[in-house]
**Student:** 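Following this message is one structure expressed as structure tokens.
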Protein chains: 2
Amino acid sequence: MLAEERRMKIVDLATREGRVDAQDAAERLSVAVETIRRDLDVLQRRGLMRRVHGGAIAVHRLNREFTVSERRALNHSAKLKIAEVAARHIPEQGTIIVDSGTTTQCLSAYLRDKSELTVVTNSLDLATEIGSSSTRVILISGRVRPTTMSGVGDLALKALENISADVAFIGANGVDLKSGFTTPDPDEAAVKTRMINNAQESIVLADHSKFGKSFTMRFANFESVDRLITDTKTSTSIINEITNKELEVVIA
Amino acid sequence: MLAEERRMKIVDLATREGRVDAQDAAERLSVAVETIRRDLDVLQRRGLMRRVHGGAIAVHRLNREFTVSERRALNHSAKLKIAEVAARHIPEQGTIIVDSGTTTQCLSAYLRDKSELTVVTNSLDLATEIGSSSTRVILISGRVRPTTMSGVGDLALKALENISADVAFIGANGVDLKSGFTTPDPDEAAVKTRMINNAQESIVLADHSKFGKSFTMRFANFESVDRLITDTKTSTSIINEITNKELEVVIA
DNA sequence: CCGAATTTGTCCGTTTTTGACCGAATCCCA
DNA sequence: TGGGATTCGGTCAAAAACGGACAAATTCGG
């Protein structure tokens, strides 16, 4: 059996059963466990599954299980540092737009009790956290997308229509040289684009795990964003290439 | 079973039942209690649940308890009964409007995972609770009023403009023979009025403590509401007088 | 057909996971 | 409030899984 063929069968197994047991797969495909383990590593690098002790878990199942709170914990310290740096760009007064997402969510600590500040957001969680403080919060309506707990759709775009802000803090799922800033959901992408358009200055927050990835919907290219904040683990070569595109990159 | 798989099942248990009993989970997943306890520690570190004596509780439940705990304690059992009766008027499919408020909030238990139902609400807490289920949630928002954590103002009215629903469940601060249904905040009153106007049928939920009180803003008179649900502690004389005004009163 | 590169299997020391044990801390109920 | 039951958390040992090294087998390019 060809190596690729074997890997296909492993993917097959994974999608059918949701997981792969290294030991079990080795027996079924009559190869050594080490081979399976190596295969799983390869498939993980291809983004097809996630390696865990004893085997691997199919991504489709992962997405379902990964809740907001779990994603929040992912690279949490990096996100906190990014938020800390981003916070320097929050004005004392005026209006800012804050996108939904686990990274932008970390900004909440810097947004409470700013009585001269208006925060416009489509994130339920963020609004809940700072809504009870003296900061003026405007929550964007819309259909609630369960995976991100944010308001999207036509209503959200309508609500944003007449709002203009000083700064917009935007999250991204993918940052790639070819594709620009991307996200999987079309509705969510439309909201992000509108947010960027309606702000004087726009800042994207993205930790190292987002780089080199691209998803279906581009919501901005490098020219339309003013600043990109990331953490120290992001490869410097990518950062240099982005800096060449007239986009200021800040490393937290 | 893979370790990660087991942990997923624990998260599953937690989200479904709100809590995890270490002993019980150990038996169900046929591993030692110690293993479960270690898993719970890991999951806590991932921010998925909060460790407590005897097991752990899901974070989504945790947030819920924190946000409305004090207010909800007031006449809580009465509110639960009112919600139970009100729930009989929730259609299996179609669109309903649910107002913000501690009483209407209790409806959330009956609104999760109704895939044929669309819930329109201006309550952040309600949207958060049912937004993660398969129920379609449309959040009406605008400026967030800190005391009630609800969306009000011009933006909210605009968003409601083109929405029509089968039933509206409305909360009230005061129910009085002379003043009708009242609330202190003008913005909130405007939203309630619009909600009632945009629904085929409107139901007000009010426990006994609301009767005989009146506040600045009337959002509805007795004629414009179809049904009033209250608890057994409400004085029968008031109920009789209200019934005379062509308003059906249901006692939970 | 040959040599190089890649893949695969084996070996083995290291790490991780798991279940068991036990004294201490905590909870629950009378 | 006190005592019994439960739970906790730390240590230990066995088992499983890991990963790196290396050799054998296979594939590839010329």
Side-chain angles (χ1 to χ4, degrees), chain A residues 1-59 61-62 65-66 70 73-77 208-209 233, chain B residues 1-59 61-62 64-66 69 73 76-77:
Chain A
M1 192 193 313
L2 270 55
E4 273 312 313
E5 201 180 341
R6 187 187 55 240
R7 291 192 188 117
M8 298 255 266
K9 286 194 177 171
I10 294 176
V11 174
D12 237 44
L13 267 177
T15 42
R16 216 174 18 248
E17 299 174 12
R19 63 122 203 280
V20 181
D21 183 297
Q23 192 75 50
D24 172 64
E27 281 169 33
R28 286 211 242 179
L29 302 171
S30 27
V31 286
V33 209
E34 283 74 5
T35 309
I36 297 291
R37 278 211 293 265
R38 277 186 279 246
D39 283 341
L40 294 180
D41 286 339
V42 171
L43 293 170
Q44 162 161 271
R45 246 172 285 135
R46 291 187 198 167
L48 286 167
M49 47 187 62
R50 163 123 176 266
R51 198 82 175 68
V52 294
H53 199 93
I57 307 242
V59 274
R61 212 167 131 207
L62 227 66
E65 315 278 346
F66 263 84
E70 186 150 12
L74 215 62
N75 300 322
H76 190 57
S77 59
H208 63 273
S209 70
K233 280 193 186 164
Chain B
M1 195 193 313
L2 269 51
E4 273 310 316
E5 236 182 331
R6 188 186 54 239
R7 293 190 189 116
M8 282 182 175
K9 288 196 176 165
I10 294 175
V11 174
D12 235 43
L13 270 176
T15 42
R16 222 184 0 258
E17 299 174 11
R19 62 156 204 288
V20 181
D21 180 286
Q23 190 75 48
D24 173 62
E27 281 168 32
R28 286 210 244 180
L29 302 170
S30 27
V31 286
V33 205
E34 285 82 353
T35 308
I36 297 292
R37 277 201 263 119
R38 275 186 281 246
D39 283 341
L40 294 179
D41 287 340
V42 172
L43 293 171
Q44 164 161 271
R45 243 173 290 135
R46 290 186 198 170
L48 276 168
M49 45 186 61
R50 173 85 185 281
R51 199 80 175 67
V52 292
H53 199 93
I57 50 179
V59 275
R61 169 155 302 199
L62 217 70
R64 198 187 309 169
E65 307 285 353
F66 277 137
S69 54
H76 186 54
S77 59

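Keep in mind it's a predicted model, so treat the numbers as computed, not measured. Just so you know, these numbers use all the heavy atoms, side chains as well, and skip hydrogens, waters and symmetry mates. Reminder, nothing fancy here: chain letters follow the sequence lines and each chain counts from 1.
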**Student:** Roughly, in whole Å, what's the span from CG in A:Leu29 to P in C:dT7?
**Tutor:** 17 Å

**Student:** In whole angstrom, what separates B:Arg51's CZ from D:dG9's C1'?
**Tutor:** 10 Å

**Student:** Would the distance check show the side chain of A:Thr35 and the main-chain N or O of A:Val31 forming a donor-acceptor pair, the cut-off being under 3.5 Å?
**Tutor:**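 Such a contact is absent between A:Thr35 side chain and A:Val31 backbone.
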
**Student:** Could you state the CD-P distance from A:Glu4 to C:dT7, rounded to the nearest angstrom?
**Tutor:**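 Result: 9 Å.
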
**Student:** Between B:Asp21 (CG) and C:dC27 (C1'), how many Å, whole number?
**Tutor:** 13 Å

**Student:** Return the CZ to CD1 distance between B:Arg7 and A:Ile57, rounded to the nearest 0.5 Å.
**Tutor:** 10.0 Å

**Student:** Does the side chain of B:Gln23 get closer than 4.0 angstrom to OP1 or OP2 of D:dT6 through an N or O atom?
**Tutor:** no

**Student:** Count the heavy atoms belonging to other residues, nucleotides or ligands that lie under 6.0 Å from CE of A:Met8, then report whether that count exceeds 12.
**Tutor:**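 Check fails, neighbour count at 12 or below.
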
**Student:** Please evaluate residues B:Asp41 and B:Arg45 with respect to the criterion salt bridge (Lys or Arg N to Asp or Glu O under 4.0 Å), reporting the C-alpha separation (whole Å), side-chain torsions for both, the decisive distance (0.1 Å), and the verdict.
**Tutor:** CA-CA 6 Å; B:Asp41 287 340; B:Arg45 243 173 290 135; 5.5 Å; no

**Student:** So A:Val42, base contact, sugar-phosphate only, or nothing? Heavy-atom distance under 4.0 Å.
**Tutor:** nothing

**Student:** Rounded to whole Å, how long is the line connecting atom CZ of B:Arg7 with atom P of C:dT16?
**Tutor:** 13 Å

**Student:** Detail all sub-3.5 Å separations between protein N/O atoms and N/O atoms belonging to nucleotides 9-15 of chain C.
**Tutor:**
unit_1, atom_1, unit_2, atom_2, d
C:dG9, OP2, A:Ala32, N, 3.2
C:dG9, OP2, A:Thr35, OG1, 2.2
C:dG9, N7, A:Arg38, NH2, 2.8
C:dC11, N4, A:Glu34, OE2, 3.4

**Student:** Tell me whether A:Arg16 is salt-bridged to A:Asp12, with the criterion being a basic N under 4.0 Å from an acidic carboxylate O.
**Tutor:**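 Looking at A:Asp12 together with A:Arg16, the answer is yes, because their closest N to O distance falls below 4.0 Å.
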
**Student:** Given atom CD of B:Glu27 and atom C1' of D:dT6, what is their separation to the nearest angstrom?
**Tutor:** 14 Å

**Student:** Grab the CD-P distance between A:Glu5 and D:dT26 for me, whole Å please.
**Tutor:**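 About 16 Å, once rounded to whole Å.
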
**Student:** Can you tell me how far C1' of D:dA17 sits from CG of A:Leu40, to the nearest Å?
**Tutor:**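 Distance, rounded to whole Å: 12 Å.
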
**Student:** Could you check A:Lys9, A:Gln44, A:Arg6 and say which one makes a side chain to side chain donor-acceptor pair (under 3.5 Å) with A:Asp39?
**Tutor:**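 Running side chain to side chain donor-acceptor pair (under 3.5 Å) over A:Lys9, A:Gln44, A:Arg6 with A:Asp39 returns exactly one hit, A:Arg6.
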
